[in-house]
Amino acid sequence: MNEKYFPTEIEERQQQRWAEAKVFEADVDESRPHFYCLEMLPYPSGRIHMGHVRNYSIGDALAAYKRMTGFNVLRPMGWDAFGMPAENAAIKNNARPDTWTFENIDTMRAQLQRVGFSYDWRREIASCTPEYYRWNQWFFVQMWKAGLLYRKNATVNWCVKCNTSLANEQAEGGFCWRHEDVPVELRQLEQWFIRVTNYADQLLDDLDTLEGGWPERVLTMQRNWIGRSQGAEVDFAIDAEISYGIRGHIRVFTTRIDTIYGANAIIIAPEHELIEQLLADGHASAELTTFVEQQKAITPQDRIAEGREKEGVFTGLHAINPFNQEKLPVWTANFVLTGYGTGAIMAVPAHDERDFEFAKKYLLPIHRVIIPIDFPGDVTLPPEQAFTDKNETCVLVNSNEWSVLKVADAQTAMTAHAEQNGFGSGKTNFKIRDWGVSRQRAWGTPLPFIHCPACGIVPVPEDQLPVELPKDLNFNTQGAPLAEHAGFVNVNCPTCGGAARRDTDTMDTFVDSSWYYFRYVDPKNTELPFDPKVAAYWTPVDQYIGGIEHAVLHLIYTRLWTKIMRDLGLVEFDEPVKNLLTQGMVCLATARCEEHDWLNPTEVLDGKCKFCGRTATIGRTEKMSKSKKNTIDPDEMINAFGSDTVRLFMLFAAPPEKDLEWDDSAVEGASRYLNRVWRIVYKWHTQIAECGMRNADSEGSAAARSLRRKTHQTIQRISNDIGQRMNFNTGVAALMELTNAIYDFDKKIDEANANDVFALQEAMEALVKMLAPFVPHIAEELWAALGHNEFVVVASWPVYDAELAKADELEIPVQINGKMSGRVIVAAEIDDEALQQAVFNDEKIKAKIAERQIVKTIVVPKRLVNIVVR
RNA sequence: GCCGGGGUGGCGGAAUUGGUAGACGCAACGGACUUAAAAUCCGUUGGAGCUACGCUCCGUGCGGGUUCGAUUCCCGCCCUCGGCACCA
């Protein structure tokens, strides 16, 4: 053992030893409990960043702890390797996206290996290889056969920068998910869609089964995104006599059928087909024509922008309320959207805020039909504001035979009534839409379909998969490179043999990441995406760790994919991830200069910009990002301090789910701590290694007993901190305390007393083992120095002895009227009565109570005594 | 507006079931060692006060409440972060 700690040297050596001994390789083993520890796979952008290091350090700590406590741990890594940046790089450098991607993968793999993460690299996958994307295609063929995949001409989100269509999830808030400053355009396009709506109910309901295992906010975000609303569709017949002879009906969607007697108008979206008809037939007023034109000119995100004034126009039509035959005017308005429900609503101003606002503006009547049961006022008068309560205490009024019913009961009864009379039915609407998976890009999985003039859409036969991407694509084109590649496009129909066209869309890259972790369990399978039997052993994932940014993207797609795989018979469960940890971001303060914009910390000298000497303003702490120049390069840190120090800092500085602010001094502190551990082990390692494994034959000195107590208390604490709570920061703190206790003991140890030396050995060995999940390299080195041949990273976790952890004396706080008033020291095994006695015998307490009258005494066994006095 | 997280020293954070608030670390200050520096080691460090080597009072965003006892539970606010939002 070297006297000094040289991190880089030992890290390299230990990584090599682990690789040679294949210690992190795991295979199916029915004799042991298994644990699947997964982190979100990176996009091979070029270099790993601190966020990756944090993410994988958390996973590494948990995986190591599980290994040491007897689990067969699956811990794979791979590459989400399709996507835009590779294509952009190809255009820019006139190179091939695969070259760029694989070079990046090589760089980043080497970086990860240098951090020493405990991956089973045999299982590595890259989604851009035909061996992988072949199964994307296989899934699409299965989904096509099952009717879960379809083509339709639809209005889709289009990003001009990506030059492709996007899914709704990728266009949240009207902006591209990759280009936050690029508003999406809407285009009409023939597209492939996955029938998410078939699974909407399950996607929502199964979230309940994830309570406890998933963060509440992720569940909330998904519930919001799926957005189920239960209600009814009701048909309002058009009164042809006063509606230019137009016949038919307007179907509205409502969640408040109980308020239908309060309806005073029907409002339809400006895009509604009736409007089209009025315009076509020349029945539209000038006012209506202008309004509709105006609305269509406004982009959807503007039309629904916050605080936008409600505007509408009467259409000239009338419809009949099927419940009371009342004739209602039909309006069109900007706040009724064509994409939700039926694109038509019944306006009930008395009980809906938007309708109320609209009715006030256009002087429509307002009829109260719901009241709280103890309503004191005149029910014939309209409310001053919309009354939207619908709880148990609300009842119907002014609603003929339905009056007096509670809201919920009325909804059931009135929906049934509508159904029986054929003018309505119960209906559930979702905000979530079918997943538009077509992309007009070339660095993605080709869709395995052929368009035949005679046979229609024909899937590529499974034995002809994969449909490989051509290697000689021209990326310097305005169009889609695949569509311009004649050799790719022109094929013969697999069914009739006639000339046909290959589909030229590629799949959304979120398809790749929807099932990648199932491929890890059986990455070389050539018959199926994975062997269901092997998957049954490893999956579902026990712990998934990644960033919050995927709360409604990847995490909803992968839940969907699991349900589809279940229905295909590949897996037998509903949810793929039992526990989810969303780790916080790695942040750093930003700095700016008027002249040079963002500055990195080394460009700020004494508060001034290095380049121009202007005052540099230190901005707020923000997520590390290249554009803000507030990044720290992991490689540089590892060169300076070693991987162990970087990991220790990240695990210690904050709990995993919180944001972590990079702090150079705290990194040095972590390094200092490891040196401190090294020094004390160095001091004793020869003596401990030489005496081998022993057991204490009798009690050692009081100091030795105290150290053993601390050792076992620490084992208990840290097992809970890592295993149950995943609070690595407090786990590290506990190890620091134990280290401090070892230093204290070092001053008092009686070297001649074998029991004292044993206490030290026990403490040091436990410490080194418990350090292994956080700082595996130094732990491995110290473990060897202490005389062990096996690897510490797979050694058995130390066993906690409750007897030894027990204190033999307790310091019991004493309160008088709940205020801290002193402490008494008593034997650990004391009963309540003796404890109380000891408190009353204490001179200080006696003096404080003095003449006062004791009302009662509360004794919390072995914890606290509180004396209530008057 | 609705939903969900937070608010504790100079800083990061701890307090696991209502029971000693501030573990552990960073920074700072004082001291030891050293020719010196680095490294290391020891000590102090929430605030105020005092008859000062011990003790008193205050203190977990604010105001109330429950309790022998509240950072923890309840009610009402404030601030903050994140998500959703003319969704019928």
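We name chains A, B, ... by the order of the sequence lines, and we start the count at 1 in each one.
In summary, A:Glu811 and A:Lys862 do not engage in a salt bridge, as defined by a charged side-chain N under 4.0 Å from a carboxylate O.
No hydrogens or angles were tested; on distance alone, nothing pairs the side chain of A:Lys431 with the base of B:C87 as donor and acceptor under 3.5 Å. Residue-to-nucleotide contacts include no donor-acceptor pair under 3.5 Å from the side chain of A:Arg256 to the base of B:A88. With hydrogens and angles ignored, a donor-acceptor pair under 3.5 angstrom links the side chain of A:Gln815 to the base of B:G19.
A distance of about 15 Å separates the C1' atoms of B:A70 and B:C75, rounded to the whole Å. Rounded to a whole angstrom, the distance from the C1' atom of B:C11 to that of B:G7 is 16 Å. Spacing between B:U40 and B:G46 at atom P, rounded to whole Å, works out to 23 Å. Only the P atoms considered, B:U51 is 28 Å distant from B:U60, to the nearest whole Å. With C1' as the reference atom, B:A21 and B:G69 are 14 Å apart, rounded to whole Å. Comparing B:G25 with B:C33, their P atoms are spaced 25 Å from each other, to the whole Å.
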Assess the residue pair A:Thr739 and A:Tyr673 against the criterion (side chain to side chain donor-acceptor pair (under 3.5 Å)); give the C-alpha distance rounded to whole Å, side-chain angles, the decisive distance to 0.1 Å, and a yes or no.
CA-CA 9 Å; A:Thr739 309; A:Tyr673 171 69; 2.7 Å; yes

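Taking the six-membered ring for Trp and thresholds of 30 and 60 degrees, A:Phe358 and A:Tyr362 have ring planes inclined between 30 and 60 degrees apart.
Looking at A:Trp684 and A:Asp746, their side chains do bring a donor and an acceptor atom within 3.5 Å of each other. Side-chain contact annotation: A:Gln295 with A:Asn334, donor-acceptor N/O pair under 3.5 Å absent. A donor-acceptor contact closer than 3.5 angstrom links the side chains of A:Tyr340 and A:Ser229.
Rounded to a whole Å, the CG atom of A:Asn866 is 10 Å from the P atom of B:A70. Taking atom CZ of residue A:Arg863 and atom P of nucleotide B:A15, one finds them 14 Å apart after rounding to whole Å.
Within the nucleic acid shown, A:Lys310 comes within 4.0 Å of at least one base atom, counting heavy atoms only.
Checked against the 6.0 Å centroid threshold, A:Tyr5 and A:Tyr682 do not count as a close aromatic pair.
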What's touching nucleotides 4-13 of chain B from the protein side, N or O pairs under 3.5 Å?
residue, atom, partner, partner atom, Å
B:G12, O2', A:Ala653, O, 2.5
B:G13, O3', A:Asn729, ND2, 3.3

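A stem is defined here as three or more consecutive Watson-Crick or G-U pairs, each with both distances under 3.5 Å; for RNA chain B these stems are B:1-7 with B:78-84, B:10-12 with B:24-26, B:28-32 with B:40-44, B:46-50 with B:54-58, B:61-65 with B:73-77.
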